[in-house]
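One-based numbering along the sequence shown.
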Amino acid sequence: MFRFYCEVARTAFRRQAIYRWANLAGLATNIFFSAIFSYIIIGLFHVRPSVAGFTLVDTLRYTWLVQALLMIIIPFGWTDLMLTIRTGEVVTDLSKPCNFYWYWFSREVGRNGYYILFRALPIYLAGMLFFKLGAPAIGPNWLGFGLSVLLGTMLGIAYRFLYNIVAFWIVEARSMITLAQTSALFFTGSYIPIPFLPPWARSIVEWLPFNGLMNLPSQILLGKISGGTFWLEVARQVGWVMVLTCGCLLLTRMATRRVVSQGG
């Protein structure tokens, strides 16, 4: 069965590689908005040299890291599962001799592999070129970053699976998907770096699952989270991965009871 899921992931990687022009357009869009955010940040730091312990270089690196992780963790406009439910194609997936959730999980792992190579790395390299960011120092931070990104990826897949599967109960699920994606983009630091929020708001966000998507990996790589705090944050990430994954499996079981297949 593991080999089957690996083949699903490999096929998803190859499928994503077909859409070269769409991927190039998406890459250009990410770089464009990253540059806009960067100039706004530069304007902010003309007023004060440090914000919440972040220097200008720290904040620019944070911004480009979040944008680089965006399509890996929370791909905007991802409605693949919802569309199969609306058209009835989901019956085919449910008929496969595998777990429905882990099938979709494998598909997203394969696509994420493509985005790591052809979206995340080029985006951050563009930031290094245009704004002379440099790379964060190589060391333990990179190991922590890798672990946190892995958990964040699992968390992101489970989260978008959850807001797509509501299409089993809601006829027009696109509004729910838009709300879920917009909320995630705000609470992950895509619009405003989470460390810049007021202390009371930051303390709330840190306990939400969104914190483990992009904010936490970025801060770990920048060296803002280490020691005992690092393990606490990773433990929260693991906890949310388990909660959301169990939620996906439970809702899948509930949803499949509603499916009625007609015809031959």
Query raised in the report: Roughly how far, to the nearest 0.5 Å, is CG of Leu222 from OG of Ser218?
Result: 6.5 Å
Query raised in the report: Which word best sums up how the rings of Tyr114 and Phe13 line up, parallel for under 30°, tilted for 30 to 60°, or perpendicular for over 60°?
Result: perpendicular
Report task. Ignoring hydrogens and angles, tell me if any N or O in the side chain of Thr55 forms a donor-acceptor pair with the backbone of Asp58 under 3.5 Å. Result -> yes
Query raised in the report: Any idea which heavy atoms bring Leu69 and Pro217 closest together, and the distance?
Result: CD1-CB, 4.3 Å
**Report entry** Derivation of the side chain to side chain contact (heavy atoms under 4.5 Å, CB included) call for Trp240 and Asn211
**Finding:** CA-CA 10 Å; Trp240 278 116; Asn211 184 59; over 6 Å; no
Query - Shortest non-hydrogen separation from Ala255 to Ile165 and the atoms involved - result: CB-CD1, 4.3 Å
Requested in this report: Mind checking the CD-CE spacing from Gln67 to Met214? Nearest 0.5 Å is all I need.
Outcome: 7.5 Å
Query raised in the report: For Cys248, does its backbone N or O pair with a side-chain atom of Thr252 as donor and acceptor, under 3.5 Å?
Result: yes
**Report entry** Donor-acceptor contact present, side-chain Asn215 to main-chain Gly189, <3.5 Å
**Finding:** no
Query raised in the report: When the aromatic ring centroids of Tyr101 and Phe161 are compared, is their separation below 6.0 Å?
Result: yes
Query raised in the report: For the residue pair Tyr39 and Phe131, is the inter-centroid distance of their aromatic rings smaller than 6.0 Å?
Result: yes
Query - Mutual orientation of the aromatic rings belonging to Tyr163 and Tyr159 [parallel < 30°, tilted 30-60°, perpendicular > 60°] - result: perpendicular
Query raised in the report: Any sub-3.5 Å donor-acceptor pair from Lys132's side-chain atoms to Gly127's backbone N or O?
Result: no
Requested in this report: Mark yes or no for whether Ser148, through its side chain, and Gly144, through its backbone, hold a donor-acceptor pair below 3.5 Å.
Outcome: no
**Report entry** Heavy-atom donor-acceptor pair, Thr245 side chain to Met242 backbone, under 3.5 Å
**Finding:** no
Requested in this report: State whether the side chain of Arg236 and the backbone N or O of Trp207 hold a donor-acceptor pair below 3.5 Å, judged by distance alone.
Outcome: no
Query - Minimum heavy-atom distance Arg202-Ile194, with the two atoms named - result: CD-O, 3.6 Å
Query raised in the report: Should we say atom OH of Tyr191 is surrounded by more than 12 heavy atoms from elsewhere, each under 6.0 Å from it?
Result: yes
Query raised in the report: Shortest non-hydrogen contact from Arg160 to Trp78?
Result: O-CZ3, 3.6 Å
Query raised in the report: Considering only heavy atoms from C-beta outward, does the side chain of Ile177 approach that of Met82 to under 4.5 Å?
Result: yes
Query raised in the report: Donor-acceptor pair, Thr188 side chain versus Leu185 backbone, under 3.5 Å?
Result: yes
Query - Derivation and outcome, side chain to side chain contact (heavy atoms under 4.5 Å, CB included), residues Val57 and Arg61 - result: CA-CA 6 Å; Val57 174; Arg61 283 177 176 172; 3.7 Å; yes
Query raised in the report: If every non-hydrogen atom of Phe100 is compared with every non-hydrogen atom of Asp93, which pair is closest and at what distance?
Result: CE1-CB, 3.7 Å
**Report entry** Within 6.0 Å of OH in Tyr19, more than 12 heavy atoms from elsewhere
**Finding:** no
Query - Donor-acceptor contact below 3.5 Å, side chain Asn23 vs main chain Phe118 - result: no
Query raised in the report: Do any N or O atoms from the side chain of Ser203 and from the backbone of Trp200 form a donor-acceptor pair under 3.5 angstrom?
Result: yes
Query raised in the report: Where do Pro122 and Leu27 come nearest, in terms of heavy atoms and distance?
Result: CB-CD1, 3.9 Å
